[in-house]
There are 2 protein chains.
Amino acid sequence: MASKNLSRDIEKIAPSTMADVVELRLREYLKRKAFKPGDALPKELELAEALDVSRNVLREALSRLRMLGMIESRKKRGMILAEPDILGGFERVMDPLILDVKTLQDLFELRLVLEMGLADILFARMTDKDLKELEQIVNKEVNKVQKPFKVKHEIAFHGKLYQMTGNDTFRRFQNMLLPVFEYVVSEEAKINGQAKVGKVTHRDLLDLLKKGNPDDFRQGMKEHLSPHFERIRK
Amino acid sequence: MASKNLSRDIEKIAPSTMADVVELRLREYLKRKAFKPGDALPKELELAEALDVSRNVLREALSRLRMLGMIESRKKRGMILAEPDILGGFERVMDPLILDVKTLQDLFELRLVLEMGLADILFARMTDKDLKELEQIVNKEVNKVQKPFKVKHEIAFHGKLYQMTGNDTFRRFQNMLLPVFEYVVSEEAKINGQAKVGKVTHRDLLDLLKKGNPDDFRQGMKEHLSPHFERIRK
DNA sequence: TTTTGTTGATATGTTCTACATAAGGACGAT
DNA sequence: ATCGTCCTTATGTAGAACATATCAACAAAA
């Protein structure tokens, strides 16, 4: 009987298809030639011939780059380099059900780190208008402690915080992160029962934003998230 | 003469190809059916027929999912759902030369936020072994203040910090972020001259890790990165 | 009985051809 | 200068054919 650990001793060969190779080559090509957004690319047939692959294989690779937003193509005009969406690939993959548990844990921690690091940029950028809007969000929370409402308010409050940074990538990023976060929390709850709630409320955080400083706010945020910080001790 | 602002008044129509639609449909299908990693997918021909598209179009969509790591396929065995790499899409797009300036700025800030938020998880996870290795990195920095060395040491030191969190996604993430960061810094330098250096050195940070607490460390980190924090006041 | 070699079936990988379709350019009419 | 018309062209889509890896079943050998 062969060792059951054999699969850990010998690395599995990764069968790479032509589309994989062509995709890589194209990205190298674009980088090497220092194409800028708006620049025109060679025609499909020319690329296919240069790479010595069928137009089909080439198009599979191009389709990938198109998904990432790296290229745009229209009939007759041809293909041009575009400005990719940095979070596009993320968005498609951010599904708690298909990611492995280690990655989910990593993303869970990522959100905690972001919230803790947010303070400085928040204080540098927030406006009075922002604070008023945040206050309205807090006011709506009155006594709605049932589960579904609670999650909704969490999203509204923290989402607003990210939006206040003026950093749109942040905002979108945490919008994608939150479902994962909630998933991890609810899975945790199934095992260890309902998580406790931090002593610092959203209203407390709002007050800290108004009258405090970044460090005070950060301390408040840590306390607010303290039930979740329990998870990282190991 | 028509208004030149017309293009801002009317939204451009986005010509979506069949591959775009099929890709979306497939992702919805996978989600709706609650496929788990390892589950087998229908055959290409069946999918193509069900979607009423040619095998070509279907394969372009499948190629995208394959790139994201969502599916794997082998001859005869067919296709199975896989665990995607959360950062795969990121990696391909993370190129300072093709991203727009706003996104670059956003990513620049993202790194700052990460460094500031890292403290708590760092103190919770770091080991004596880690500290020793970090000390070795700091020791190697002696008097090497020339530009290329400096960057190298920055990467070594901060990279080690991320690795010490035990969060592999962090580590990879910042490895991708750093080139963007360095690019933004060097572009900035072209305009405003060489950036100043923070008063807190790597060795100071190391000492804070050994003897301090998360808040002290965070303050030190903020001071260390203070030249970069200047950029976010606006 | 267990292992190894052979053979056939099958799903993906790749190529080729053909045609549809949108978009640009040239040209002329209004 | 604006609007049609026609032609050209590069991408989008379809379909058929073949190559190739791999599974499964069975047979041969140890």
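The basis for the numbers below is simple: all heavy atoms, side chains too, and nothing from hydrogens, waters or symmetry mates. We name chains A, B, ... by the order of the sequence lines, and we start the count at 1 in each one.
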Problem set entry | B:Phe173/B:Phe90 aromatic ring centres below 6.0 Å |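 B:Phe173 vs B:Phe90: aromatic centres under 6.0 Å.
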
For the pair [X] and [Y], find out whether any cationic side-chain nitrogen is under 4.0 Å from an anionic carboxylate oxygen.
X: A:Arg66; Y: A:Glu72; result: no
X: A:Lys132; Y: A:Asp128; result: no
X: B:Asp85; Y: B:Arg172; result: yes
X: B:Asp20; Y: B:Arg64; result: yes

Round to a whole Å and report the spacing from [atom1] of [X] to [atom2] of [N].
X: B:Ile80; N: C:dT12; atom1: CD1; atom2: C1'; answer: 14 Å
X: A:Glu49; N: C:dT15; atom1: CD; atom2: P; answer: 13 Å
X: B:Lys76; N: D:dA25; atom1: NZ; atom2: C1'; answer: 11 Å
X: A:Glu60; N: C:dT12; atom1: CD; atom2: P; answer: 13 Å
X: B:Met18; N: D:dG15; atom1: CE; atom2: P; answer: 11 Å
X: B:Leu47; N: C:dA11; atom1: CG; atom2: C1'; answer: 12 Å
X: B:Leu58; N: D:dT13; atom1: CG; atom2: P; answer: 13 Å
X: A:Asn56; N: D:dC18; atom1: CG; atom2: P; answer: 17 Å

Between [X] and [N], does any side-chain N or O lie under 4.0 Å from OP1 or OP2?
X: B:Ser73; N: C:dG13; value: yes
X: B:Ser54; N: D:dT13; value: no
X: B:Lys75; N: C:dG13; value: no
X: A:Arg74; N: D:dA10; value: no
X: B:Arg66; N: C:dG13; value: yes

For this session: Among the candidates D:dG12, C:dT12, C:dG13, find the nucleotide nearest to the side-chain atoms of A:Arg59.
Result: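 Within the option list, the nearest is D:dG12.
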
Problem set entry | 5'-most by nearest nucleotide on DNA chain C - A:Arg77 or A:Ser16 |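 Result: A:Ser16.
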
Exercise. Touch check for A:Arg55, heavy atoms < 4.0 angstrom, all strands: base, sugar-phosphate only, or nothing?
Worked result: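 Base contact.
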
